[in-house]
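Beneath this line is the structure, given in structure tokens, with notes to follow.
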Amino acid sequence: MSVRVRFAPSPTGYLHVGGARTALFNYLFAKKTKGAFILRIEDTDRERSTVEAEKAIMEDLRWLGLHWDEGPYRQTERVDLYRKHAEELVQRGLAYPCYCTEAEIEEMREEMLSLGIAPKYSGRCRNLSESDRKKLESEGRVAAIRFKVPEGGEISFKDIVRGELKFRFSDIGDFVIMRSDGLPTYNFAVVIDDHHMNITHVIRADEHIANTPKQLLIYQAFGWDPPQFAHVSMILGPDRSKLSKRHGAVAISQYRKDGYLPSAMDNYLLLLGWSSPDDREIFSMDEMIELFSLDRLSRNPAIFDINKLRWMNGYYMRKLPLDEVYEQAIPFFLEKGFPMNADWLKKVVAVYREHTSTLREMVEEALPLISFSLPFDSSIEEELKFDHVTQVLKAFLEVFTPYKYKEVSASLAWELLKGVVDRVGLKRGKVLFPLRIALTGRKTGPELYHFIELIGVKEALERAQRVLDYLERR
RNA sequence: GCUCCCGUCGUCUAGGGGUCUAGGACACCGCCCUUUCAAGGCGGCGGCACGGGUUCGAAUCCCGUCGGGAGCGCCA
């Protein structure tokens, strides 16, 4: 039987890094085994599910390059299926209607907790007679349906990443499978769907381990073969608790907005819980697919390290084909008001990607190319207070003026700059640094000759002249 | 409280009885390069949670302790 896996987010928020990693693992496994990757939207929580969230999640999955082969299936479009199966269980005596209210259950829960026993459903409605039911219904109570968990015994399964896992029935209370609003609960819908969708492997986060015995019970009740399970450890924040908003950005869309590349994101996520047989860490999507295997999944939780992501993103910015980085950078250039001249912008990318870590940073660094205004910030002005600065500017004007209307390459610009240095007769740094300040208004940036090539000699001369006038007027 | 999961450099990890003086990557520190910041090159710092076993031999196997995490919902 060919592999079929699914990613099943609930559309109650944006795709976060943990979900993205789960999706990635499923995707890689599907591609690796030439199986199918299915997208299923678990939207049975009507309160919190939104179509916006669903769209956002799909957009982020596409951005990451995790394209699904089937779906999206929505659980709210399949309620008849769940209802039918729930009724079957009731008829067979494996499930029963429960009339307890939320308040009553909460009360029981508190009480058990205070008594120091595991808070699970008491089974109060388990053995209701037909007349009891009628009476409760006449009170206007609407029933939920609970699964009847066997009294004694245990259930075990073999997890691909964790090995044999065992649970006692006595620790599991009768759990709701159909809510009083007629929609299935997670534990029920997953099983019905995974079975009907012929899912062969369930790759999901660690936090679902405790749900697995309940799901197994349902498989058993229907006489279905369960899929194989692979429970991946969770992604934690720096304080070792489950990664959440208070740890900083967790939404994939936020990383996109911050100027991260999807390829870097995928690669980094892969390393959070998976390692290659050799020491390699950088993989293209094709290589990931080629190398991925479930048996190299890590058992321990991983802390999300933005630092390494940043490094990796910078690495990808430098290694990826120029055109690809340029494509990704376009929105950032637009946002900052850069002129949309593709040839020129590609040169800008070629220069500025060398020393920045994100697209946003790269564009921010390149801002002096399109904006220049005096006076500079006071900390920058400090650098212009030396006597030799006017001398430097004059020498620059003299050397570059003959090239005012010419195309000057970076290498020619470099030759000319060396001429300026000679003319001033000071050390390179003494000459080039103030010149950098004057032309860019910043202390840092790419090599000056690159900068001059990018803005053109005419613009450079104008800037130098303006700074010179400004200094002399002072 | 109960159940379950997990403990190798600060972080991600390799390792699965001898080849471990524990390997790689990020971060950090230093040096080189240099026109600034980076990038790059070279080098350095740094870890098997603890205690008992088993064994000729344990990071690796077993037990316990401690620590961290998750679950215990008519959320998923």
Atom pair distance, as rounded to whole Å: CD in A:E383 and C1' in B:rU36: 10 Å

Interatomic distance at P, B:rC28 relative to B:rA14, whole Å: 24 Å

Rounded distance (Å) that lies between atom C1' of B:rC33 and atom NE2 of A:H355: 17 Å

Polar side chain donor-acceptor pair, A:Y186 to A:D45, under 3.5 angstrom: no

Integer-rounded Å distance: B:rC74 C1' and A:I105 CD1: 7 Å

Expected output: side-chain A:S371 to main-chain A:P368 donor-acceptor under 3.5 Å: no

Aromatic contact, A:H85 with A:H196 (centres under 6.0 Å): yes

Minimum-distance nucleotide to A:R168 side chain [options: B:rC4, B:rC12, B:rC74]: B:rC4

Pair A:T185, A:N187: side-chain N/O donor-acceptor within cut-off below 3.5 Å: no

Nearest to side-chain heavy atoms of A:E447, which nucleotide of B:rG68, B:rG71, B:rU35: B:rU35

Nucleotide nearest A:R428 (side chain, heavy atoms from C-beta), chosen from B:rC4, B:rU34, B:rG23: B:rU34

RNA chain B: 5'-proximal contact among A:W274 and A:P446 (nearest heavy atom): A:W274

Nearest-nucleotide pick for A:D206, side chain only, options being B:rC74, B:rC5, B:rU35: B:rC5

